[in-house]
Amino acid sequence: MKIRDIKELLNAEVLCCDEELEKEVNSACGSDMMSDVLAYVKDQAVLLTGLLNPQVIRTAEMMDMVCIVFVRSKKPTKEMVELAKQLDIVVLATNLRMYEACGRLYSKGLGTLKENGEA
Amino acid sequence: MSEAINFHYVVDGDDFTSAGEASVDIKRKLRQLGVDPAIIRRVSIAMYEGEVNMVIHAEGGTVDVNVYEDKIEMILSDEGPGIANVELAMKAGFSTAPDYVRSLGFGAGMGLPNMKSYTDGMEIDTKIGVGTTITMVVNLK
């Protein structure tokens with residue numbers, strides 16, 4: 001799936017790095033707890049979250065993620081978007097709630113990685 | 001060649017919004033040095049957890065990252081309250097972080113265990129009322 005597909009499936013607004021929309025991603029995770037993202041996520045390229053602070057961007061960067069989706073109509077601050085831009089992380093914002101946003105992506109084939117790293 | 005490259009950071013403990021800045025920077029530096037991306041990820045996650053811990057529990061501190069030919073060493077020092085029970089603190093899910101920290105997305109009690117799992121060696125030197133120094137090593141070979 002391309003980041004552009006995520007944008008369309010979630011009716012999301014692109015807040016930065018729209019030149020990266022053609023990038024391929026093959027897994028995602030949804031969490032408001034960055035602690036859990038850091039502990040349990042392996043090679044997930046996309047982070048869906050309702051948490052709104054700069055640590056979301058930094059956590060994604062630590063995990064080599066390429067796209068963050070803010071759910072529940074959360075809009076990141078200018079500083080957060082600027083930070084994401086510097087790190088080449090696409091930021092999307094959707095009105096959908098976490099459950100539906102994850103469900104739409106999952107049903108279209110964006111899963112989680114298996115233990116062996118395959119999508 | 002045996003001389004280490006050192007990066008030194010002062011972690012500001014007053015402002016949670018800046019927590020993680022040093023780890024973002026070290027990631028950039030290690031990329032510039034051409035370190036293997038899988039190694040960079042392990043180093044930066046471990047340091048990030050440590051950096052966030054420092055801000056939550058110890059009002060900041062310092063981080064020194066030494067890049068050797070065969071390993072990367074991270075030394076995180078603070079003058080915080082110290083860790084009362086290291087064995088307990090190493091248990092996944094155990095946390096003494098206040099509730100407001102959880103609303104910031106942290107404090108799940110995964111920091112120290114995660115730091116250990118992402119590194120090849122970790123030592124905790126802590127004294128109540130004096131501070132904590134955590135040394136972590138990730139091997140390059």
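Just so we're on the same page: letters track the sequence lines, and every chain starts at 1.
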- Message: Heavy-atom cut-off 4.5 Å, strictly under: side chain, backbone, both or neither for B/Y48 against chain A?
- Response: side chain
- Basic-acidic side-chain contact under 4.0 Å: B/R31, A/E61: yes
- Under 4.5 Å between side-chain heavy atoms, hopping through other hydrophobics if needed: is there a path connecting A/M65 to A/V46? no
- May I have the step-by-step check of side chain to side chain contact (heavy atoms under 4.5 Å, CB included) for A/M62 and B/S23, ending in yes or no? CA-CA 8 Å; A/M62 292 307 125; B/S23 303; 3.8 Å; yes
- Message: I need the residue from A/T59, A/V56, A/D32, A/D36 with the largest number of non-hydrogen atom pairs under 4.5 Å to chain B.
- Response: A/T59
- Item | Smallest separation among heavy atoms of A/A39 and B/M110, with atom names | CB-CE, 3.6 Å
- Closest approach of A/M33 and B/G107, non-hydrogen atoms and distance? CE-C, 4.4 Å
- Calculate, to the nearest 0.5 Å, the distance between atoms CZ and OG belonging to B/R102 and A/S35 respectively. 9.0 Å
- Task: Verify the cluster assignment for B/V67 and B/I45: are they in a single hydrophobic cluster under the rule of side-chain heavy atoms below 4.5 Å apart?
- Result: yes
- Message: With clusters defined by side-chain heavy atoms of hydrophobic residues (ILVMFWY) lying less than 4.5 Å apart, directly or transitively, does B/I5 cluster with B/V65?
- Response: yes
- Query: Which of residues 6-20 of chain A get closer than 4.5 angstrom to chain B, counting heavy atoms alone?
  - Reply: none
- Message: Only heavy atoms, only distances under 4.5 angstrom. Which residues in residues 47-55 of chain A are near chain B?
- Response: A/L51, A/N53, A/P54, A/Q55
- Query: How close do A/M63 and B/K27 get, heavy atom to heavy atom, and via which atoms?
  - Reply: N-NZ, 4.3 Å
- Tabulate, in ascending numerical order, the residues of residues 116-141 of chain B having at least one heavy atom closer than 4.5 Å to a heavy atom of chain A, or enter 'none'. B/Y118
- Heavy-atom closest contact (B/R41 atom, A/K42 atom, distance): NH1-O, 2.7 Å
- Can you check whether anything in residues 75-102 of chain A gets within less than 4.5 Å of chain B, heavy-atom wise, and list it by number? A/L87
- Query: For the hydrophobic clusters of this structure (ILVMFWY residues joined by side-chain heavy atoms under 4.5 Å, transitively), does one cluster hold both B/I56 and B/F94?
  - Reply: no
- Query: Would A/M34 end up clustered with A/V69 when hydrophobic side chains under 4.5 Å apart are linked, directly or stepwise?
  - Reply: no
- Below 4.5 Å from any heavy atom of chain A, which atoms of B/E21 appear? Answer side chain, backbone, both or neither. both
- Message: Heavy-atom count check: over 12 atoms from other residues, nucleotides or ligands less than 6.0 Å from B/E59 CD?
- Response: no
